[in-house]
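Written out below as structure tokens is the structure these notes cover.
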Amino acid sequence: MSYADKIFIDTCKDILANGTSTEGEKVRPKWPDGASAYTIKKFGVINRYDLSKEFPAITLRRTAIKSCTDELLWIWQKKSNNIHDLNSSIWDEWADESGSIGKAYGYQMGVKHQYKEGAMDQVDRVIYDLKHNPFSRRIMTNIYVHADLHEMNLYPCAYSMTFNVTQKPGDTKLTLNAILNQRSQDILTANNWNVCQYAVLVHMLAQVCGMQPGELVHVIADAHIYDRHVPLVRELITRERHPAPKFWLNPEIRDFYQFTREDVRLDDYVTGPQIKDIPVAI
């Protein structure tokens, strides 16, 4: 059975059984009807996914691999902060009349910084180091820029990636590992979405840098289930589990900037039914 299912189920059970309720507290998010959106939360949830063994898509319900990859590429490849460059409506609530979400996400990835090797943005710096200095302990990105928070329509949730390269005994290829840091995560709507998209990123970067994918470690400071999601989560985690799907990444692509959403696919992906009309707190 899918190991990602086990991790997801265990995380949900732990939050529901041992989490802290924010009901009655001062909270920022609201439901569309104006009511405060309370949560049950756990601090410091850490999950590990070995990408060399299986792709971490849950089978309890379908994770849309092309859509989550599209959002990933919107941030990491297009380095955009405009929803008109995105093939979905998931950011519409946070966009202004021009489509901008402010100086957030892709905007920060595209800002060039001065290094001794020259001016580069954060993505190009990661790729440069993976190719030229793979055992560096400084290969990371950070888009939680305090100086620009007042110009962001939503503070970054997934804000930092740290890459670390290892080598397994007997392997000729290096192994690319990564840590994804999130300050906050809505478990029902975003957990496996984020896990899958950053697993895709590790696969992509490993391929273009001549490496093999290793571990993705996911660190969530505030892992929460919204009050109106609790019945949906309780039903979801009782569903039948299926084997993990097989991940396909177009092997012809050797330049990160050439990947598209059509270059990823999940084969033999058997899942439970999708949950429709999930309420989203904003």
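Since we're looking at a predicted model, the values are computed, not measured.
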Are [Y] and [X] connected into the same hydrophobic cluster when the rule is that any two of I, L, V, M, F, W, Y join if their side-chain heavy atoms are below 4.5 Å apart?
| X | Y | value |
| --- | --- | --- |
| V208 | I75 | yes |
| I139 | L201 | yes |
| I7 | I15 | no |
| L130 | Y128 | no |
| Y257 | F163 | yes |

R125 to Y115, cation-pi by 6.0 Å centre distance and 45° axis angle = yes
[X] (side chain) donor-acceptor with [Y] (main chain) under 3.5 angstrom:
| X | Y | value |
| --- | --- | --- |
| T22 | E25 | no |
| R61 | I275 | no |
| T63 | I65 | no |
| D148 | E151 | no |
| T39 | Y226 | no |
| N192 | I58 | yes |
| N142 | Y144 | yes |
| Q122 | G110 | no |
| R254 | P251 | yes |
| W31 | I282 | no |

Test log, rule side-chain contact (heavy atoms from CB on, under 4.5 Å), inputs D268 and K246 = CA-CA 6 Å; D268 302 325; K246 298 178 180 64; 3.1 Å; yes
R62 vs Y269, side-chain contact (heavy atoms from CB on, under 4.5 Å): CA-CA, chis, key distance, verdict | CA-CA 8 Å; R62 184 170 295 269; Y269 192 23; 3.1 Å; yes
Roughly how far, to the nearest 0.5 Å, is OG of S184 from NE2 of H224?
-> 4.0 Å
Distance in Å, Q212 CD paired with S52 OG, rounded so as to fall on 0.5 Å steps =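 Interatomic distance, Q212 CD to S52 OG, rounded to 0.5 Å: 7.5 Å.
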Would the W193 and H218 ring centres measure less than 6.0 Å apart?
-> no
Verify whether the ring centers belonging to Y105 and W91 lie closer than 6.0 Å.
-> yes
Can you name the closest pair of heavy atoms from K30 and S36 and give their distance?
->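 Heavy-atom minimum between the residues: NZ-OG, 3.3 Å.
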Check this for me: does any side-chain nitrogen of one of [X] and [Y] sit under 4.0 Å from a carboxylate oxygen of the other?
| X | Y | value |
| --- | --- | --- |
| K42 | D14 | yes |
| K6 | D10 | yes |
| K79 | D85 | no |

Qualifying residue, where the test is side chain to side chain contact (heavy atoms under 4.5 Å, CB included) with S160 and the options are I179, N181, I143 |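 The single option meeting the side chain to side chain contact (heavy atoms under 4.5 Å, CB included) with S160 is N181.
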Does I127 reach the side chain of L205, with side-chain heavy atoms less than 4.5 Å apart?
->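 Yes. Closest side-chain heavy atoms under 4.5 Å.
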Are side-chain heavy atoms of L249 and F259 found at a separation under 4.5 Å?
->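 Yes, side chains in contact.
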Should the pair H203 and F55 be assigned to parallel (<30°), tilted (30 to 60°) or perpendicular (>60°) ring geometry?
-> tilted
Report the C-alpha separation of N81 and K103 in whole Å, then their side-chain angles, then the decisive distance to 0.1 Å, and conclude whether the side-chain contact (heavy atoms from CB on, under 4.5 Å) test is met.
-> CA-CA 7 Å; N81 62 345; K103 292 185 175 180; 5.6 Å; no
Between N164 and N177, is any side-chain donor less than 3.5 angstrom from a side-chain acceptor?
->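 Side-chain D/A pair, N164 to N177: absent.
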Worked verdict on R228 versus D33 for salt bridge (Lys or Arg N to Asp or Glu O under 4.0 Å) | CA-CA 12 Å; R228 296 186 184 181; D33 61 11; 3.1 Å; yes
Step by step, would you call E215 with L51 a side-chain contact (heavy atoms from CB on, under 4.5 Å)?
-> CA-CA 6 Å; E215 275 196 293; L51 306 183; over 6 Å; no
Should the heavy atoms of other residues, nucleotides or ligands under 6.0 Å from CD of E235 be counted, would the total exceed 12?
-> yes
